[in-house]
Protein chains: 2
Amino acid sequence: MTLPPHAGRPGTGANGTGSIDGRAGRTGTAAPVTRAIPEATVARLAVYLRMLGELAEQGADTVSSEELATVSGVNSAKLRKDLSYIGSYGIRGVGYEVRSLHHQIERTLGLDEQQAVAVVGIGNLGHALAGYGGFGGRGFPVTALFDIDPDLVGIHINGILVEHVRDIPRVCGERGVTIGLVATPGPAAQSVCDQLVAAGVRCILNFAPVVLQVPPQVEVRKVDLAVELQVLAFHVARRREAEAAGVLEGSAAPVAALPTNGSGPTGGHEAVNGTAVS
Amino acid sequence: MTLPPHAGRPGTGANGTGSIDGRAGRTGTAAPVTRAIPEATVARLAVYLRMLGELAEQGADTVSSEELATVSGVNSAKLRKDLSYIGSYGIRGVGYEVRSLHHQIERTLGLDEQQAVAVVGIGNLGHALAGYGGFGGRGFPVTALFDIDPDLVGIHINGILVEHVRDIPRVCGERGVTIGLVATPGPAAQSVCDQLVAAGVRCILNFAPVVLQVPPQVEVRKVDLAVELQVLAFHVARRREAEAAGVLEGSAAPVAALPTNGSGPTGGHEAVNGTAVS
DNA sequence: TACTGTGAAGGCTTTCACAGCC
DNA sequence: GGCTGTGAAAGCCTTCACAGTA
């Protein structure tokens, strides 16, 4: 169990630590100096951004920290603190101007230019990722697909050709891919990752159940569905014990009371189907 | 933008706060009292568990904190601290007995009994989740599938019938579903969630881009792929700025040097394809 | 008046470093 | 000698509470 020499730091999806020297200074009208955005804040900014987009679609002009916080699932103090890292774009007594704040967050996250995405491993999940329309709409066009299965190489998904893994360096170079999604089985992941890195890809989202070793200039984040389920299972078990120790109850269908009407931000009508990644 | 009365706490995937009163006491030979496992530790225990499983398959009897930490992507101090929350199962001067530690973590996470899983929303992602074989192998058999699209209701995926969303309460009750995966479009998610909760489901993994409102006894975790990509994009942008300010370089394929051989724990041969969620 | 922006306080998590044990 | 288990220190992150402003 010793490791290869090019050991790097792993990405963990729910990363614990570290703040970020995020200078927003850029060509043209520079924003107030704004530095050191905490990692945790960056993740939430992405959420605020989406909610602001929805608010804008609904025609809202301004939003208070309380409102935006509620739909984003945080408390208003945290939201204000988060926004304070990118500058003072609010109006006291009023709130935030929706479109302007949207723009500022977009700029801070570096979303003013598109990032070409490659998906490697067109299995169940890879196929779903390749077919997901939402990435392109958010500035992440899926631009290349790879696998080694001869039955898959050559087919098109959403108009994109599946190519052989051996062509990763050439294709990614040609198309300027900057983000790679690794959706291969575990044993293949490191090899694929190395090829992506060799092709100049600097950011990798890893769905494979291994810790990828990368050089320091490459950023990895990990999404691990099995871990998510196990954390949930832990909470089920805890709850069950608490119940057993506390109010003894029947076992099946215990929760009962709760309004069964819809209550999402957009209303309550059913529309289950369609493309549903993310 | 006011909220429905049954507001609960949101789940955030990368949850920030809170430790957990995880008593391990149980019928039979009780383990040392072991309480208050931090949330962050629980998530990592799930990773250690998987790595221990792989080590066991490879025939390892013992493993040191350093080795297990490396393959899990953490440092050894953190690993030892994490393990100390569940008890003292290591042997000084030697390491941990692989099978015994595996068992202890399994017990702590409440994985000694199976949890039936329902997937709601059989779109791109839902289909991938439904077809993923890995859940069943880890004690999370996918037991029910739901959608409202008439073209989907009635078909089978991996031998499981897709049923109508309106039957969630009945079917989940009958089959003892304890975990629900919400993979619907945003607008449908809250309604579906309410039905799952009414059916007695206590844990929900939410892939929809909304914050679900649930009563306090229900646990929600959120997986948001768009957010993951945006966080990566932020790092790309940051890096690009640093580069522009520092060593001026060519733009395409800059990373270059790196061994292109495989180096995952299991070896380096290619085998890209097959079922590849998580 | 209503709401933002932010120092300060409090918690949680990670890291350090070393005592204790095999 | 080597490795685990763990107090203590340090670092992040969240929450509080209120000054400041449109």
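Numbered from 1 within each chain, the chains take letters A, B, ... in sequence-line order.
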Participant: Decide yes or no on salt bridge (Lys or Arg N to Asp or Glu O under 4.0 Å) for B:Glu39 and A:Arg238, but give the supporting numbers first.
Facilitator: CA-CA 13 Å; B:Glu39 183 77 33; A:Arg238 236 186 21 98; over 6 Å; no

Participant: Just how far, in rounded Å, is P of C:dC3 from CG of A:Leu68?
Facilitator: 14 Å

Participant: Report the distance from atom OG1 of B:Thr178 to atom CD1 of B:Ile204, rounding to the nearest 0.5 Å.
Facilitator: 11.5 Å

Participant: Closest-nucleotide mapping onto DNA chain C: is B:Val94 or A:Gly93 further toward the 5' terminus? I mean the 5' end.
Facilitator: A:Gly93

Participant: Consider the side chain of B:Arg92, meaning its heavy atoms from C-beta on, and name the nucleotide among D:dA17, D:dC3, C:dT13 that approaches it most closely.
Facilitator: D:dC3

Participant: Any side-chain N or O of A:Tyr89 below 4.0 angstrom from OP1/OP2 of C:dC3?
Facilitator: no

Participant: Counting only N and O atoms by type, is there a donor-acceptor contact under 3.5 Å from the side chain of B:Glu219 to the main-chain atoms of A:Val236?
Facilitator: no

Participant: Taking only the side-chain nitrogens and oxygens of B:Arg80, find out if one of them lies under 4.0 Å from OP1 or OP2 of C:dG20.
Facilitator: no

Participant: Nearest-Å distance, OH (A:Tyr48) to P (C:dT4)?
Facilitator: 13 Å

Participant: Hey, what do you get for CZ (A:Arg44) to CD1 (A:Ile37), rounding to the nearest 0.5 Å?
Facilitator: 12.0 Å

Participant: So which nucleotide from C:dG5, C:dT13, C:dT14 ends up closest to the side chain of B:Arg44?
Facilitator: C:dT14

Participant: Taking the side chain of A:Ser84 as its heavy atoms from C-beta onward, which of D:dT4, C:dG5, C:dG7 lies nearest to it?
Facilitator: C:dG5

Participant: What is the distance from NZ of B:Lys81 to C1' of C:dC12, rounded to the nearest Å?
Facilitator: 12 Å

Participant: Of the nucleotides D:dT15, D:dG5, C:dT15, which one has an atom closest to the side chain of A:Asn75?
Facilitator: D:dT15

Participant: What's the closest nucleotide to the A:Glu39 side chain, out of C:dT14, D:dC13, D:dT4?
Facilitator: D:dC13

Participant: Which of these nucleotides, D:dC16, C:dG5, C:dT14, is closest to any side-chain atom of A:Ala77?
Facilitator: D:dC16

Participant: If you measure from NE2 on A:His102 to CG on A:Leu111, what distance do you get to the nearest 0.5 Å?
Facilitator: 9.0 Å

Participant: Atom CG of B:Leu101 to atom P of D:dC3: distance rounded to whole Å?
Facilitator: 17 Å

Participant: What's the spacing between A:Glu228 CD and B:Leu181 CG if we round to 0.5 Å?
Facilitator: 10.5 Å

Participant: Using whole Å, report how far CG of A:Leu45 lies from C1' of D:dC13.
Facilitator: 14 Å

Participant: Calculate the interatomic distance between B:Tyr85 atom OH and D:dT6 atom C1'; express it in whole Å.
Facilitator: 10 Å

Participant: Can you identify which nucleotide, out of D:dA22, D:dT6, D:dT14, has its nearest atom closest to the B:Ser88 side chain?
Facilitator: D:dT6

Participant: Rounded to the nearest Å, what distance is computed from the CG atom of residue A:Leu79 to the C1' atom of nucleotide D:dT15?
Facilitator: 14 Å

Participant: Any side-chain N or O of B:Ser65 below 4.0 angstrom from OP1/OP2 of D:dT4?
Facilitator: yes

Participant: Looking at A:Lys78, I'd like to know whether one of its side-chain N or O atoms comes within less than 4.0 Å of OP1 or OP2 on D:dT15.
Facilitator: yes

Participant: Name the closest nucleotide to the A:Pro38 side chain, picking from D:dC13, C:dT14, D:dT4.
Facilitator: D:dC13

Participant: If I take atom CG in residue B:Asp82 and atom C1' in nucleotide D:dT4, what distance separates them, rounded to the nearest angstrom?
Facilitator: 14 Å

